[in-house]
Amino acid sequence: MSTADIGLIGLAVMGSNLALNIAEKGYTVAVHNRTASRIDNFVAMATEQGLVGNVIAKADIAEFIASIKRPRSIIIMVKAGAPVDEMIEHLLPYLEEGDAIIECGNSLFTDTQRRFDYLKPKNIGYLGVGVSGGEEGARHGPSIMVGGSEQQWHNAEAVLTAIAAQFNGESCCAYLGEGGAGHFVKTIHNGIEYGDMQMIAEVYGVMRDGLGMSPGECADVFKEWNKGPLNSYLIEITGHVLAAIDEQTGQPLVELILDKAGQKGTGVWSAIAAQQMGVPATAIEGAVAARSISARKDERVAAEAIYGKPNRTKTEVTLAELEQALLAGKIVSYAQGFAVIAKASEENGWALPLATIAKIWRAGCIIRSRFLDQMSAAYAKGGNTNLLVVPDFVELMKEAHPSLRKVVAAGAVGEFPLVCLSAALSYFDSYRQAQGTANLIQGQRDFFGAHGFEIEGRGSNLHAKWPSTLEIAALKPVIGG
Ligand code: 6PG
């Protein structure tokens, strides 16, 4: 008999936790996994948690499909990339028109768009869903960014809305647009996550190397900051990471962890998307680049041997200035991330709701913060404008940018790399100046390529009569000749 409200395939940690979350919210979930032992482990876990009554476990794929109410909603939680395509092909023979596949991994949004387009003529719905919040979020309430077939979203809406995190009684799950919209928004969420993490790490670097603070002292500062405008999950966990002691050695754990950061791709995808659409996202790009530099440990060790240890003189910045610098960097980074989302919305015809996106990021996800509540309120007042010119944030930025400036200057003098914070400051300084320096670039482009320039009141695509290489050579002796 078909009694399950929803199906779920892929019982690794994230999939298992999502299934347990669904069962806990009172929905019946059918589960399946290619490796049957995973199903047994899951059933044992569900039994232990008193949730097995809401679970239908099926090792046989046909029986699994048959156990789900029609039109079927089937979550797949497999590794991004080829395994998703393989799973779609595996499922297709069993599906009927109106059924839907709901893919909840960190997929590249263009792959999701392609899969959506592939299944549409077959009348099979495809939802590409970004799920943020890690393993714990999946179990107790993640932020859920839905994209794809709108009709099939409504079939799964009750379940997805119920399992998501709640913020002031509102579910942190929303339908954002067709095709790859959900996975695109999740990608930019991760890009912003990279920026937040990198800027926090840079500030930790100033505390450690410029102010000579111990990890425990840094931890106390982050715990304090978590009570103020920076209040967020990432600031909170930073306090815990810095306070952790390695059991084996009794040393602060953070000092033993190798300074090489990993990355799985979403940061790079954010930077590529931003560049492809011509939206400057320098804080995200800086954060991605900083991870790549971190990974080149051997090269860094060799370069330090050549240039000598950085000359890290005592830094003249206060903790209050560091807090404000982080806030200013964060405003810039979110301004950039949301500008990328706004542009993608326009280019793909998605009508992505910025206020809603900020709303569903207020709880459950990795970048959840008080700041996002302020942002959603600001965007709700209207417009897709750059956050830097949204009135509430203008005030914050006016107050905070002098500290960012001071910290970045201290970094330059004190030989601290502040890749992301300095990128944020340069963006701010470029964005808020009416007169830049690209007039010279246009002159250069016209000089060597006749690319044209514009003069107000005289028109665009104008050219100057520049001297030729031969004429220049006649004017000046060739160097060394
Ligand atoms: C989330 C996280 C999650 C995962 C990232 C980490 O929102 O829950 O972003 O998706 O932790 O994939 O990405 P990196 O391995 O690239 O840091």
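FYI, side chains are in, hydrogens and waters are out, and symmetry mates aren't considered; it's all heavy atoms of this structure. Both ligands and their constituent atoms are indexed starting at 1 by order of listing.
- Closest approach of L230 to I235, counting heavy atoms only: O-CG1, 3.4 Å.
- Atom 11 (O) of ligand 1 has E193 OE2, 4.3 Å as its closest protein atom, hydrogens excluded (heavy atom only).
- Ring-plane geometry between Y431 and Y427 is classed as parallel, the angle between the planes falling under 30 degrees on a 0 to 90 degree scale with a further cut at 60.
- In summary, the atoms of ligand 1 found under 4.0 Å from a heavy atom of I366, numbered by their order in the structure, are 1 (C), 2 (C), 7 (O), 8 (O).
- For ligand 1, the polar-atom distance check finds no N/O of T266 at less than 3.5 Å from any of the ligand's N/O atoms.
- Residue-ligand proximity, H189 to ligand 1, at heavy-atom distances under 4.0 Å covers atoms 7 (O).
- Set against the non-hydrogen atoms of K264, the atoms of ligand 1 under 4.0 Å away are 14 (P), 15 (O), 16 (O).
- Compare S132, G130, G364 by their heavy atoms: the one nearest to atom 7 (O) of ligand 1 is in S132.
- Within ligand 1, counting atoms from 1 as listed, the ones closer than 4.0 Å to a heavy atom of N190 are 5 (C), 7 (O), 9 (O), 10 (O), 12 (O).
- Close approach of ligand 1 to R291 is summarised as follows: ligand atoms under 4.0 Å from at least one heavy atom of the residue are 14 (P), 16 (O), 17 (O).
- Considering backbone and side-chain atoms alike, G133 places an N or O below 3.5 Å from some N or O of ligand 1.
- Ring planes of H401 and F428: tilted class, angle from 30 to 60°.
- Look at M197 and you'll find every heavy atom at least 4.0 Å from all atoms of ligand 1.
- Using a 30° and 60° split on the angle between ring planes, F222 and W225 fall in the perpendicular class, above 60°.
- A salt bridge is defined here as a Lys NZ or Arg NE, NH1 or NH2 lying under 4.0 Å from an Asp or Glu carboxylate O, and K343 with E346 meets this definition.
- The closest side-chain donor-acceptor pair between Q336 and E285, if any, does not fall under 3.5 angstrom.
- G179 and T112 make their closest contact through O-CG2, 3.9 Å (heavy atoms, listed as atom of the first residue, atom of the second, distance).
- Side-chain contact check for D117 and Y126: no donor-acceptor pair (N or O, by modelled atom type) lies under 3.5 Å.
- Scanning the protein for heavy atoms near atom 12 (O) of ligand 1, the closest one is N106 ND2, 3.1 Å.
- Of the protein's non-hydrogen atoms, Y194 OH, 2.4 Å is the one closest to atom 16 (O) of ligand 1.
- Here's the thing with G134: one of its N/O atoms is less than 3.5 angstrom from an N/O atom of ligand 1.
- A donor and an acceptor atom, one from each side chain of S422 and E202, are nowhere located under 3.5 Å apart.
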